[in-house]
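Read the structure below first, then the notes.
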Number of protein chains: 2
Amino acid sequence: MTTPPSGLRERKKQATREALREAALRLAVERGPDQVRVEDIAEAAGVSPRTYNNYFASREQAIVSAVTADREARVAAAVAVRPAGVSLADAVTDAVVEQYTATGEHDPRALLLITTRTALRDAYLDATAGIAPPLTAVIAERLHDTGEHTARVLAASVAAAVRIALEGWLQPAGNAEAAEGLAAGGLVVPSGSLPDRLRAVLAPLAPALDAAERRTRP
Amino acid sequence: MTTPPSGLRERKKQATREALREAALRLAVERGPDQVRVEDIAEAAGVSPRTYNNYFASREQAIVSAVTADREARVAAAVAVRPAGVSLADAVTDAVVEQYTATGEHDPRALLLITTRTALRDAYLDATAGIAPPLTAVIAERLHDTGEHTARVLAASVAAAVRIALEGWLQPAGNAEAAEGLAAGGLVVPSGSLPDRLRAVLAPLAPALDAAERRTRP
DNA sequence: ACGCAAACTTGCGTGCACGCACTTTTCCTG
DNA sequence: CAGGAAAAGTGCGTGCACGCAAGTTTGCGT
């Protein structure tokens, strides 16, 4: 179960993936993301440029994945670790906050680079959707497979909420276009720490998580 | 409010947009989506190819937007219409089901084409995210601006749920890769009508919608 | 009414995503 | 243990997304 049935072939795939990730991030940090061509990344990883995009659909995806790659699995694992006593909502919330505040052992320049350049920022936000599949698995386990859809919907909602938190966190000033008619309220708190933002966006989903959990064993 | 401050210039923009949409869809239906180049679409709409992608980031986006363009606004409007008596969860659910079962006055071949070709299918699914912004507005209104995040999170969750429903609906047979370890349950209902699917995925979110609404006026 | 400034459009050039056909590597089965 | 098939890597070609730097239209101020 921990090791999928795949044998020795899968490792080289993951190794190549890792090599591409690392090369992409390293080159991007060294010379700036716009001065890195796909050819360079492929060469640094020891593969053909054609092979590169059998793994990644865009340059930004490759760079960002070096930072977000394992977070997907880590979030799910962090949820799984929580004892059965705590509510699903608390487990998910704490796990998310825990994993997104952990800086990891990455080059601090990397995160700075990503949050600065718009293209990378967008790719980073899109990557948050990647936590949904593993989250679906652990949530489904806690729910004892009560309705296949439920776990997927809740996981996707959590991912969407996290994305919103990151969007807000990464904005120095408000962008008018997204809010449109919403800005009428006027009273918005543009700043705030990331953990606070994460808890704020996950709070509205807590009732749904609790309700789903309650439905399994009354 | 209904008319943004923009004057007469904005109309030509929308007209061009509409022309590109219509041209893209018509040509795609006529000769198949792979036999349509951007140059053809631009020519049919009477603009330069360069102008085309000031409006759309990809060919698929242009084609799909001809079908999904007004749905975004319609869903939100359908929610706004519901009387204040019905719960937010019911309002949203009914509105979504109503708008996604309404075929619209489109060429039936168009929807068939979109659901068939993979690239178009993906673009169609991505387009569901577009309902979130207008939904945010109407939900925020019902919530009397109780927490700016709440409406955004709920709207995004609804959009994500709708996407899941459509994903499942558009699959002839199960794709093994997405489910991964989830297929262990074995008992899945692969088919089912679209309205049923929509209600199924929105049900888990109802507690969150109700809780948010309840928080405004106890 | 006139002209200026902002915006939309356009042509050009570059790098890239991706399909197709082929070679090489890896794994499974008789 | 060998043969063969599936899968990964590679080369090549085509159309496209997007930056840049004009040209052109729209709308506003005086």
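Order of the sequence lines sets the chain letters (A, B, ...), proteins ahead of strands, with each chain counted from 1.
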Would you kindly give the [atom1]-to-[atom2] distance between [X] and [N], to the nearest whole Å?
X: B:Y52; N: C:dG11; atom1: OH; atom2: P; result: 17 Å
X: B:L20; N: C:dT10; atom1: CG; atom2: P; result: 10 Å
X: B:N54; N: C:dC8; atom1: CG; atom2: P; result: 10 Å
X: B:K12; N: D:dT24; atom1: NZ; atom2: P; result: 15 Å

**Q.** Salt-bridge contact B:R199-B:D196 (side-chain N to carboxylate O under 4.0 Å)
**A.**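 Salt bridge between B:R199 and B:D196, a charged N being under 4.0 Å from a carboxylate O: no.
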Q. Thinking salt bridges, do B:E30 and B:R26 make one under a 4.0 Å N-O criterion?
A.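 Counted as a salt bridge, because a side-chain N and a carboxylate O are separated by less than 4.0 Å.
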Q) Going by heavy atoms closer than 4.0 Å, what residues in residues 34-46 of chain B are next to DNA chain D? A)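 By residue number: B:R37, B:V38.
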Q) Does A:Y100 reach the main-chain N or O of A:A95 with its side chain, forming a donor-acceptor pair under 3.5 Å? A)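 No, because the side chain of A:Y100 does not come within donor-acceptor range (under 3.5 Å) of the backbone of A:A95.
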**Q.** base_contact_polar (D:dG15 base, B:R59 side chain, donor-acceptor, <3.5 Å)
**A.**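 It does not, because no donor-acceptor pair links the side chain of B:R59 to the base of D:dG15 below 3.5 Å.
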Q) Under 3.5 Å, is there an N or O donor on one side and an acceptor on the other linking the side chain of B:R50 and the base of C:dG11? A)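 Yes, a donor-acceptor pair under 3.5 Å.
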(Q) Taking 4.0 Å as the cut-off, does a side-chain nitrogen or oxygen of B:Y55 come that near to OP1 or OP2 on C:dT9? (A)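 So the side chain of B:Y55 is within the cut-off, an N or O lying under 4.0 Å from OP1 or OP2 of C:dT9.
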Q. Is any side-chain nitrogen or oxygen of A:S48 closer than 4.0 Å to OP1 or OP2 of D:dG9?
A.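 Looking at the OP1 and OP2 atoms of D:dG9, neither is under 4.0 Å from any side-chain N or O of A:S48.
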Q. Just one of B:V96, B:V92, B:D70, B:V138 clears the side chain to side chain contact (heavy atoms under 4.5 Å, CB included) bar with B:V75, so which one?
A.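 Among B:V96, B:V92, B:D70, B:V138, the one that satisfies the side chain to side chain contact (heavy atoms under 4.5 Å, CB included) with B:V75 is B:V96.
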Q. What distance separates A:E167 CD from A:D122 CG, expressed to the nearest 0.5 Å?
A.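 If I round to the nearest 0.5 Å, the distance is 9.0 Å.
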Q | Nearest-0.5 Å distance, OG1 of residue B:T115 to CG of residue B:L120 | A |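 Output value for this atom pair is 9.5 Å.
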(Q) By nearest atom, which of the nucleotides D:dA17, D:dG9, C:dT9 is closest to the B:N53 side chain? (A)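 The answer is D:dA17.
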